[in-house]
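No experiment lies behind these values; they were computed from the predicted model shown.
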Amino acid sequence: MDQPNGSNAKATRVKDGARDLPREISLSYAITIIAGCIMGSGIFFTPHETLVNSGSVGLAFIVWISAGLLAMGGGLCYCELGTSLPESGGECVYFTRSYGQLAGFLYVWMTGLIVRPVSQAVECVAFASYFVQPFYGASSPSSLVVSAVGIVAAVLLGVINAVSSRVSVRIIAVLTYGKMAALVGIVLMGVYWGAMHGPGSLSTGFAGTTKDPKTLGLAFYGALWAFDGWNALNYVAEEIQDPQRNLPKGITAGLLLVIVCYVCVNLSYFTVLSKSEFSESVAHVMGVKVLGQAGLLFIPLCVALSTLGASCGSCMTSSRILVAGGRESFLPKILALIHRSRSTPIIAIVVHIFLSSIFIAGGTLESLVNAFSFIQWIIYGCAFMAVYVLRWKEPYLDRPYKVWFWLPGLMTLASAYLIIDPILENPSYLLIMLLLLPGLAVFFIFIRQQMTCSALRQLNDLMTSASMKAFNSS
């Protein structure tokens with residue numbers, strides 16, 4: 001494992017008195033951040049949804065491989081964006097430069113304040129559910145216990161990220177290695193079962209394949225949810241050592257690692273289980289079938305370990321969206337402050353964990369997952385188009401990595417399909433766009449006014465000055 005480079009770890013001053021975050025993420029850490037943020041709870045649950053909507057094992061397997069290739073295509077497009085604009089915040093920076101301040105603000109409004117905190121909450125609740133399950137035996141823990149453990153986990157991860165980014169990336173790396181070992185264990189279970197009992201549902205091939213393009217789109221949504229997080233490295237591009245070289249390598253190597261793991265794990269599922277045995281807890285069913293009572297302990301620990309690693313990565317990357325929002329004055333500037341000695345965005349991390357805890361306490365998170373997957377692909381589509389927009393608006397921008405010209409267009413078309421298909425299946429998805437209305441009101445009433453109103457600017461500066469003293473930040 002590479003050690004953080006002390007010479008690159010020093011925070012430096014940038015415009016408007018703000019500070020860069022220290023470059024403490026080496027190539028090996030970059031790979032584990034990508035793999036760790038992707039490999040959460042998805043691979044343990046979504047294979048059931050993918051199989052049901054595909055209709056056959058053969059098509060489900062193709063969907064998983066195609067989803068991996070789509071994630072890789074998206075990752076390559078983000079390589080150009082991230083190496084051209086190596087700043088914290090990802091799409092906030094890209095949209096502001098490409099489409100203007102309104103687009104950048106609406107991204108922060110939807111993603112930084114709603115989507116990412118909900119995603120963090122989902123992972124923490126999944127961790128809590130499986131962490132406490134062995135203590136309850138055959139019964140299920142109460143929702144109050146799960147919520148309490150989930151909030152404690154979120155707060156602890158927030159503390160770790162606030163204390164030290166260096167410690168955080170090391171914990172992500174350790175947890176990533178642990179979850180990979182757990183997935184290897186699942187693969188070995190499939191190899192053992194296949195040697196003893198034959199190929200299982202793999203022998204059914206393409207029998208029962210769906211012919212409905214709508215349900216096929218839903219199958220892709222399930223697999224793509226499991227791959228979500230492939231853009232995580234772009235949020236911390238400012239903290240990567242030599243980002244022009246290590247960001248593309250980190251994204252491609254991390255994604256290749258995840259694709260291989262997911263393909264092998266799905267082969268194991270199909271080898272051990274018949275189609276009728278697939279359920280939303282597919283990993284649990286497989287573990288009990290192969291290991292008996294030991295599976296009741298092994299699988300929950302695997303899921304808990306996997307979701308904890310993804311949650312730690314999510315806390316780190318999501319807080320950088322708030323940092324970018326503060327730097328662009330879309331949010332109070334205090335969110336952009338970096339602690340002087342710890343070199344972490346403590347205030348942004350606290351706000352992110354606070355929002356996540358509210359969603360954990362509110363419950364009913366499962367119903368939000370598909371809705372926010374829909375929003376995410378709208379964002380991805382706009383980001384892919386931003387590659388072309390930036391090439392047109394800023395042709396002389398330094399581009400250390402330049403993706404093939406046709407790829408962003410192809411990814412935009414794929415995004416359009418993944419946006420339109422759910423609407424055709426369920427038009428109520430359009431209601432999600434109502435969340436933009438309060439954001440529009442906030443932008444035109446407060447953000448635009450702040451740019452021209454000296455009183456609002458002075459209030460923001462006063463809050464920032466007080467927070468700098470209170471939190472030892474700059």
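With S119 contributing its side chain and V115 its backbone, the two residues share no donor-acceptor pair below 3.5 Å. Between the side chain of S314 and the main chain of A310, no donor-acceptor pair closer than 3.5 Å is present. Remark: the backbone N or O of N161 is not paired with any side-chain donor or acceptor of S168 at under 3.5 angstrom. In this structure a side-chain-to-backbone donor-acceptor pair under 3.5 Å is missing from K393 to Y99. The backbone N or O of P243 lies less than 3.5 Å from no partner atom in the side chain of R245, so there is not a single donor-acceptor pair. No donor-acceptor pair closer than 3.5 Å links the side chain of W64 to the backbone N or O of I259. Side chain of N53 to main chain of E49: a donor-acceptor pair is present (N/O by atom type, distance under 3.5 Å, no hydrogens or angles). Side-chain N or O atoms of T111 include none that pairs as donor or acceptor with a backbone N or O of V108 at under 3.5 Å. Side chain of S356 to main chain of A121: no donor-acceptor pair is present (N/O by atom type, distance under 3.5 Å, no hydrogens or angles). A donor-acceptor pair is defined here as one N or O able to donate and one able to accept, closer than 3.5 Å; such a pair exists between the side chain of S306 and the backbone of G40.
Residues passing the side-chain hydrogen bond (donor to acceptor under 3.5 Å, both in side chains) test with S41: none are found, sequence neighbours excluded. Under the ring pair (Phe, Tyr, Trp, His ring centres under 6.0 Å) criterion, F384 pairs with no residue, sequence neighbours left out. Scored by the side-chain hydrogen bond (donor to acceptor under 3.5 Å, both in side chains) test, N231 finds E91, Y235 as partners (sequence neighbours excluded). Every residue was checked against the salt bridge (charged side-chain N to carboxylate O under 4.0 Å, His left out) condition with R342, not counting sequence neighbours, and none meets it. Listed by chain and residue number, nothing satisfies the ring pair (Phe, Tyr, Trp, His ring centres under 6.0 Å) test with F44 (two or more places apart in sequence, or in another chain). By the side-chain contact (heavy atoms from CB on, under 4.5 Å) test, V260 is found to be paired with C264, residues two or more places apart in sequence or in another chain being considered. With sequence neighbours excluded, the residues satisfying side-chain contact (heavy atoms from CB on, under 4.5 Å) with S142 are L144, V145. Residues satisfying the ring pair (Phe, Tyr, Trp, His ring centres under 6.0 Å) test with F220, not counting sequence neighbours, are none. With sequence neighbours excluded, the residues forming a side-chain hydrogen bond (donor to acceptor under 3.5 Å, both in side chains) with D228 are Y380, listed by chain and number.
Taking the six-membered ring where tryptophan is involved, the planes of W230 and Y78 are perpendicular, since the angle between them exceeds 60° and thus also 30°.
In this structure, I65 and Y262 have side chains that are not in contact, with every pair of non-hydrogen atoms separated by 4.5 Å or more. You'll find the side chain of I321 reaches within 4.5 Å of the side chain of Y107, heavy atoms only.
With values rounded to the nearest 0.5 angstrom, I62 atom CD1 is found 11.5 Å from L69 atom CG. Atom CG in L413 sits 11.0 Å away from atom CG in L418 (nearest 0.5 Å). L81 contributes atom CG, which lies 6.5 Å from atom CG of L390 (distance to the nearest 0.5 angstrom). With rounding to the nearest 0.5 Å, the separation of CG in L157 from CD in E123 is 11.0 Å. Within the model, atoms CD1 of I171 and CE of M316 stand 11.0 Å from one another, a figure rounded to the nearest 0.5 Å. Here the OG1 atom belonging to T96 is positioned 7.0 Å from the CD atom belonging to Q101, to the nearest 0.5 angstrom.
Salt bridge status for E239 with R23: absent, with no side-chain N to carboxylate O gap under 4.0 Å. Remark: R327 does not engage E87 in a salt bridge, criterion side-chain N to carboxylate O under 4.0 Å.
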Does R391 form a salt bridge (charged side-chain N to carboxylate O under 4.0 Å, His left out) with E80? I'd like the steps, not just the answer.
CA-CA 10 Å; R391 288 187 183 183; E80 176 170 333; 2.6 Å; yes
Give the intermediate values and the outcome of side chain to side chain contact (heavy atoms under 4.5 Å, CB included) for residues L27 and D242.
CA-CA 9 Å; L27 176 58; D242 191 6; over 6 Å; no
Using the rule given for side chain to side chain contact (heavy atoms under 4.5 Å, CB included), can you reason through Y130 versus T307, listing the C-alpha separation, both sets of side-chain angles and the distance that settles it, and then say yes or no?
CA-CA 9 Å; Y130 280 87; T307 52; over 6 Å; no
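Around OH of Y388, the count of heavy atoms belonging to other residues, nucleotides or ligands within 6.0 Å exceeds 12.
Among residues at least two apart or in separate chains, there is no salt bridge (charged side-chain N to carboxylate O under 4.0 Å, His left out) pair with a member in residues 246-261. Screening residues 29-39 for salt bridge (charged side-chain N to carboxylate O under 4.0 Å, His left out) gives no qualifying pairs among residues at least two apart or on separate chains.
Residues Y94 and N234 have side chains that bring a donor and an acceptor to within less than 3.5 angstrom of each other. One side chain, H339 or S341, offers a donor N or O that lies under 3.5 Å from an acceptor on the other. A side-chain donor-acceptor contact under 3.5 Å links S318 and R116. Using modelled atom types and a 3.5 Å distance limit, the side chains of R170 and S164 yield no donor-acceptor pair.
What you find for S343 and L21 is that their closest heavy atoms are O-CD2, 3.8 Å. The heavy-atom pair separating I360 from V125 by the smallest distance is CG2-CG2, 3.9 Å.
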Show me the side-chain donor-acceptor pairs of residues 400-409 shorter than 3.5 Å, one per line, residues at least two apart or across chains.
none

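Taking the ring centroids of W109 and F443, they lie at or beyond the 6.0 Å cut-off.
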